[in-house]
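Lettering of chains follows the sequences in order, A, B, ..., and the numbering in each one begins at 1.
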Amino acid sequence: MRQVDDLRLDHLTKSFGEMTAVDDLSLTIPAGSFFALVGASGCGKTTTLRMVAGLEDPTSGRILIGDRDITGMRAYQRPVNTVFQSYALFPHLDIYENVAFGLRRRGIKDVKGPVESMLDLVELGPMARRKPSQLSGGQQQRVAVARALINEPEVLLLDEPLGALDLKLRRQMQIELKRIQTEVGTTFVHVTHDQEEAMTMADTVAVMNAGRIEQMGYPAEVYELPRTLFVANFLGQSNIISGAVAGSDGSMVTVSAHGAAFRLPGDRNSASGAAILVGVRPEKVTLLDAVDSARVPAPHNRVDGTVTDVSYTGVSTQYLVRTPWGQELTVFEQNDIVGDRAAVGDPVVMHWAVEHTFGLEP
Amino acid sequence: MNWLRKNLIAIIGILVLIYLFIPIAVIAVMSFNKPEGKFNISWNQFSTDAWQNLCGVPGVCDSFLVSIQIGLISTVVATIFGTMIAFALVRYRFRGRSSTNLLIFLPMATPEVVMGSSLLALFLNLRFPLGEVTVIIAHIMFIISFVVVTVKARLQGLDPRLEEAARDLYASPRATFRYVTLPLVLPGIIGAALLGFALSFDDFIISFFNAGTLVTFPIFIWGAAQRGIPVQVNALATLVFLVALVVVLTSQFVSYRRRKSLEILPEEDRSPATVDVMSRS
């Protein structure tokens with residue numbers, strides 16, 4: 001593996017007229033990591049990527065690789081390459097020449113060896129003399145990766161690289177990209193709106209909203225403990241109940257909401273004042289028949305309710321349960337139970353561990 | 001009756017093609033005629049005289065070469081300027097861009113008689129001697145419009161990400177143009193040049209007004225028509241048609257070969273659409 005440097009964004013801002021696409025973004029992406037930038041469309045993630053590539057000039061701020069400031073460098077001078085959305089392969093050149101393009105532009109005469117070994121890495125050796133239009137979507141995608149990686153960039157940028165593929169192929173390519181990243185050890189910065197894809201592939205996930213990063217960390221860390229309402233709802237689903245902090249004893253915070261009491265660990269609470277949103281992921285909630293309510297473990301948070309909808313999705317069943325205060329909560333249950341499932345209209349009790357509860361700033 | 005219903009479209013198609021090609025066929029056939037009098041109008045006798053002696057009539061080959069020369073010069077100049085204008089209009093936002101877009105259409109919309117006579121008035125007022133130069137100036141002027149329109153269409157269809165990809169892959173602006181933009185726009189430029197040459201070679205009205213004593217091929221035919229068109233004109237016209245036919249057939253053949261090679265699509269790596277639908281739902 002080569003020695004590579006961290007990619008650092010320093011107070012990066014980009015405005016288009018009145019609109020601020022990227023708002024004072026500061027970020028360090030460790031060398032050799034697989035970093036995913038997720039967010040809804042228009043959140044500024046693609047603009048951030050284009051600024052790193054040099055295809056867009058920042059309004060203010062700096063971009064650095066290690067200690068080298070690359071903000072003023074032109075796109076063709078940066079040690080950064082991009083895998084474009086829908087690939088942007090050169091239609092008039094064959095696969096071999098597409099992959100060799102970067103080397104030739106840098107005046108490298110002997111391209112045969114590197115091109116062939118790169119085509120082998122993406123398993124496209126026999127396709128070398130085909131034109132891009134003769135390849136399937138998945139193959140074109142791999143050409144786009146090869147064309148960028150052959151230049152041994154310090155950072156590889158991927159702009160929704162799998163967006164044009166169907167679901168089955170996308171899963172395949174996710175594993176493939178992860179394999180290539182491990183093999184070459186280059187820093188990958190992956191921009192996507194698909195939160196599942198981001199969590200599957202990346203070492204670090206940053207959730208972006210309105211030009212800012214809302215939360216960043218290991219995928220499991222961010223998913224298990226969202227710190228903002230946006231993250232709780234964008235990265236997976238969440239049940240959110242609004243309430244007020246009633247007190248805290250030691251490490252536990254007690255919340256009263258709609259006449260019920262909930263508890264959560266103090267270090268899982270992001271609310272600063274008395275108003276709080278209590279959250280829990282749908283798959284953390286267990287459903288019990290109301291007559292079995294005595295079986296709810298004592299320390300658990302619990303809510304009574306009535307089932308209003310049941311949808312069977314194969315691996316799991318999704319329930320919508322109406323609480324006494326009229327809110328509908330979502331519950332995912334693995335289909336590993338023996339016997340009858342809850343049906344619409346059944347009175348039930350929902351419960352979940354205190355350690356799975358989180359608190360958010362409203 | 002049933003047979004007719006099935007083949008009606010083919011029959012109509014063939015009739016239309018016959019309608020289109022009869023004039024050309026007549027020209028070709030009459031190039032092998034040996035006319036009885038001065039006028040090559042009715043079939044008399046088969047002969048290859050005209051083909052064996054293409055320049056046999058005074059002035060015919062001179063005018064033919066003059067038209068070719070004018071066509072080449074004005075096409076080259078108009079293609080260069082027209083391509084540059086097209087790039088400017090598509091790539092840059094500048095003051096007067098939308099009015100330029102509109103004005104570029106004007107020469108195409110102006111009746112040729114008006115344009116020809118106005119240009120003549122202009123040249124006379126400037127005391128500019130009429131001749132090959134004035135004809136070339138006039139031709140460049142109206143060919144540019146066609147070049148701009150053709151190249152612009154090609155440029156607008158060009159995915160801007162291809163140029164971004166080139167820049168991303170260490171191509172300087174000059175290299176990006178040389179290795180990506182130009183090869184991709186070239187078919188449009190060549191098409192524009194061919195169209196421009198055809199328009200120039202064919203032009204009579206504007207040339208007639210501004211030629212002075214110069215005789216282009218269309219002017220020669222027009223003049224000859226009064227006294228009887230020599231068979232050589234038919235032979236030369238057939239020759240031009242054959243050259244055009246070879247050009248068209250060659251390009252068709254090339255694109256057919258290309259399409260043929262596209263048909264061997266790789267089978268692996270293509271999951272059927274049904275899988276996609278099912279796993280999404």
Side-chain angles (χ1 to χ4, degrees), chain A residues 50 53-56 74-93 97-108 123-124 126-127 130-131 133-142 144 147-148 150-151 153 157 159 165-172 313, chain B residues 91 93 151 154-191 251 254-281:
Chain A
R50 289 174 59 83
L55 299 172
E56 208 86 67
R74 317 299 309 164
Y76 54 90
Q77 296 164 330
R78 298 188 183 196
V80 169
N81 291 109
T82 310
V83 176
F84 288 82
Q85 193 172 10
S86 66
Y87 324 132
L89 300 179
F90 304 124
H92 58 298
L93 300 177
E97 285 304 322
N98 261 283
V99 175
F101 192 89
L103 296 182
R104 290 203 196 280
R105 295 296 83 74
R106 283 186 297 165
I108 295 166
E123 291 157 3
L124 283 174
M127 304 288 172
R130 299 244 177 130
K131 288 282 177 69
S133 56
Q134 291 169 274
L135 265 55
S136 67
Q139 292 171 331
Q140 291 186 21
Q141 210 277 335
R142 300 209 298 263
R147 185 179 70 171
I150 195 168
N151 305 295
L157 306 172
D159 184 9
L165 304 179
D166 65 48
L167 198 65
K168 191 182 157 206
L169 199 50
R170 205 149 66 204
R171 294 273 171 272
Q172 236 169 290
T313 64
Chain B
R91 287 300 162 79
R93 303 281 167 270
V151 176
R154 182 85 194 177
L155 256 183
Q156 277 163 339
L158 185 70
D159 184 353
R161 269 175 310 197
L162 293 174
E163 285 169 307
E164 287 186 348
R167 278 200 284 154
D168 186 64
L169 293 164
Y170 311 101
S172 61
R174 183 190 291 260
T176 302
F177 182 78
R178 164 77 181 78
Y179 295 107
V180 175
T181 318
L182 190 62
L184 288 172
V185 181
L186 201 60
I189 297 175
I190 291 174
S251 75
V254 167
S255 65
Y256 168 80
R257 281 275 298 270
R258 193 172 296 164
R259 228 173 310 139
K260 194 83 181 168
S261 63
L262 285 185
E263 277 164 16
I264 340 155
L265 273 174
E267 279 307 309
E268 55 143 341
D269 216 71
R270 322 195 110 221
S271 50
T274 45
V275 174
D276 187 25
V277 172
M278 286 186 57
S279 49
R280 261 179 222 274
S281 58

If you tally heavy-atom pairs under 4.5 Å against chain B, which of Ser86(A), Gly54(A), Gly102(A) wins? Gly102(A)
Sort Ala171(B) into side chain, backbone, both or neither according to what part of it lies under 4.5 angstrom from a heavy atom of chain A. both
When the 4.5 angstrom heavy-atom criterion is applied to Leu162(B) and chain A, the contacting part is both
Should the pair Arg106(A) and Tyr170(B) be classed as cation-pi, given the thresholds of under 6.0 Å to the six-membered ring centre and 45° from the axis? yes
Minimum heavy-atom distance between Glu164(B) and Arg50(A), given as atom pair plus value: OE2-NH2, 2.7 Å
Interchain contact, Arg74(A) with chain B, by part (heavy-atom threshold 4.5 Å): neither
Residue pair Leu169(B) / Arg147(A), side-chain heavy-atom distance below 4.5 Å: yes
Applying ring pair (Phe, Tyr, Trp, His ring centres under 6.0 Å) to Phe90(A) and not counting sequence neighbours gives Phe101(A)
Do you know which two heavy atoms are closest between Ala165(B) and Ala88(A), and how far apart they sit? CB-O, 3.9 Å
Give a yes or no answer on whether the side chain of Asn81(A) reaches the backbone of Asp168(B) with a donor-acceptor pair at less than 3.5 Å. yes
If you round to the nearest 0.5 Å, how far is OG1 of Thr82(A) from CZ of Arg167(B)? 10.5 Å
Pairwise distance CZ(Arg104(A)) to OH(Tyr179(B)) - rounded to 0.5 angstrom: 9.5 Å
Under 4.5 Å from any heavy atom of chain B, what part of Leu89(A) do you find: side chain, backbone, both or neither? backbone
Which answer fits Pro79(A), side chain, backbone, both or neither, if we ask what part of it has an atom under 4.5 Å from a heavy atom of chain B? backbone
For Arg174(B), does the CZ atom sit with more than 12 other heavy atoms under 6.0 Å from it, leaving out its own atoms? no
